[in-house]
Amino acid sequence: MAASHLQCRECKSEYPLEALYVCERCFGPLEVAYGRAQVELSVAERRRRIQAGPQNIWRYADFLPAAAPPGPSGRLNSRAGLPAGCTPLIRADRLAARLGLKEVWVKNDAANPTHSFKDRVVSVATTRARELGFETIACASTGNLANSVAAHGAALGMDSYVFIPSDLEEQKVLATGVYGTKLVGVKGNYDDVNRLCTELCAERDWAFVNINLRPYYAEGSKTLAFEIAEQLGWELPDRCVVPVASGSLFTKIAKGFEEWREIGLLDGELPAMNGAQAEGCSPVASAFAAGHEVCRARSPSLWRSATRPTVPTRSTSHAAPAARWMPSATMRSAPGSGCSPRRRACSPRRPEASRRRCWRSSPSAVRSIPRSGSCWSSPARG
């Protein structure tokens, strides 16, 4: 597979592989489209090619939107940037017993360089930015993405700008600033910051990873699905529990499984996808429960990511009450899987879902931890 063009998710209009993110005809989001490789490999050859790759996301370079893997050769591409990916898939037997399941696996993406799955998406975006000739990377963020962009900029020797709300917690500001990035405080909330960055895209020759490079950035989340399948011995899990956030992570993981099944790398039924949100901040879960096909999230630039066109067929979405997603016996039953409070909404899915009879036929499940809880602790001061 090789990236061939960008395509509007709504009207299917095609665009070149440039720094574009929205359709000029219908204002729908653009996504990367792939064509068939000139030389088709057998399943065994594809698997050997993957396993011979580096211990990072670029072992899956054939399924990512990069003209060529970064670095002087396929084996040495981990020298470019930060080695994101290849994080542990931990078998949680005690958690499985507590939930009444045969197997539960925890995908711990807190093991990434800046302790969140954002390193995957930023790695793909920065690689594409360099291919397109950008010398400066930037983002709008309130935490994890800021850390990843700043760290990747430092590792690659690229200038970086991180735009944040001016009242962001001091701990988060310090955690990003240690990488030497240029921090810009903006009066207002995240939506105001994102709006300013969207305007700057037209004025500055900068690569905003989550705006004008978003089609490439989002593809990095597929590597979670690729790793899970490879770590399970080239098998599909029965079910995946993933935090919803903007919807991109949830849908791209499903897309990753689907792509590999289409080319024969995986066999069997695609996993059922469970999206998790905290109650009180659960627009997707609420829309799903009400039977709506469209979710009107607060950020208009993101709402299409989690709606009808990309939601997998076997999917559900649930909201977890705050009392259940704070530290609990459920979390203690998952070995070495500490995470931030906002990601603990993934932990209690069994109690809510079991009442809807959607887990009782699932012997195994994978739970995703996209980030650690490191930003919640105060850094030492000198």
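Along the sequence shown, residues are numbered consecutively beginning with 1. Side chains are part of it too, since the values below use all heavy atoms of this structure and drop only hydrogens, waters and symmetry mates.
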Item checked: With sequence neighbours excluded, residues passing side-chain hydrogen bond (donor to acceptor under 3.5 Å, both in side chains) with E259 -> K222

Margin query: Tell me if a side-chain donor or acceptor on R261 pairs with a main-chain N or O of G268 at a distance below 3.5 Å.
Written below: yes

Item checked: Heavy-atom closest pair, residues T114 and A151 -> CG2-CB, 3.5 Å

Notebook entry, point to check: Would you call M158 and H152 a side-chain contact if the rule is heavy atoms closer than 4.5 Å?
Noted result: no

Check: Are W105 and E103 linked by a side-chain donor-acceptor pair shorter than 3.5 Å?
Finding: yes

Could you pull out every donor-acceptor pair under 3.5 Å between side chains of residues 16-25 and any protein atom, sequence neighbours left out?
none

Notebook entry, point to check: Should E135 and R130 count as an ion pair when the cut-off is N to O under 4.0 Å?
Noted result: no

Notebook entry, point to check: Would you say the side-chain atoms of K107 and T87 include a donor-acceptor pair closer than 3.5 Å?
Noted result: yes

Check: With sequence neighbours left out, what residues match T176 under side-chain hydrogen bond (donor to acceptor under 3.5 Å, both in side chains)?
Finding: N147

Item checked: Verdict with reasoning, E227 to R120, per side chain to side chain contact (heavy atoms under 4.5 Å, CB included) -> CA-CA 12 Å; E227 284 181 23; R120 298 176 182 272; 2.8 Å; yes

Next item on the list: May I ask you to decide whether K187 forms a salt bridge with D192, counting only side-chain N to carboxylate O separations under 4.0 Å?
Entry: no

Notebook entry, point to check: Closest approach of E131 and P65, non-hydrogen atoms and distance?
Noted result: OE1-O, 4.4 Å

Check: What is the distance from atom OH of Y179 to atom OG of S148, rounded to the nearest 0.5 Å?
Finding: 8.5 Å

Margin query: Under a 3.5 Å cutoff, is there a donor and acceptor pairing between the side chains of E279 and S282?
Written below: no

Item checked: Atom of W58, atom of A66 and distance for their closest heavy-atom approach -> CZ3-CB, 3.8 Å

Notebook entry, point to check: Any idea which heavy atoms bring I137 and A129 closest together, and the distance?
Noted result: CG2-CB, 4.4 Å

Item checked: Nearest-0.5 Å distance that lies between atom CD1 in I228 and atom CD in Q231 -> 7.5 Å

Margin query: With clusters defined by side-chain heavy atoms of hydrophobic residues (ILVMFWY) lying less than 4.5 Å apart, directly or transitively, does F257 cluster with V43?
Written below: yes

Check: Under 6.0 Å between ring centres, would you say that holds for W206 and Y161?
Finding: yes

Next item on the list: May I ask you to decide whether E40 forms a salt bridge with R46, counting only side-chain N to carboxylate O separations under 4.0 Å?
Entry: yes

Check: Run the side-chain hydrogen bond (donor to acceptor under 3.5 Å, both in side chains) check on Y60 and E230 step by step: do they pass?
Finding: CA-CA 11 Å; Y60 310 115; E230 186 182 359; 2.6 Å; yes

Checklist line | Under 3.5 Å: donor-acceptor pair, side chain of S166, backbone of G185 | finding: no

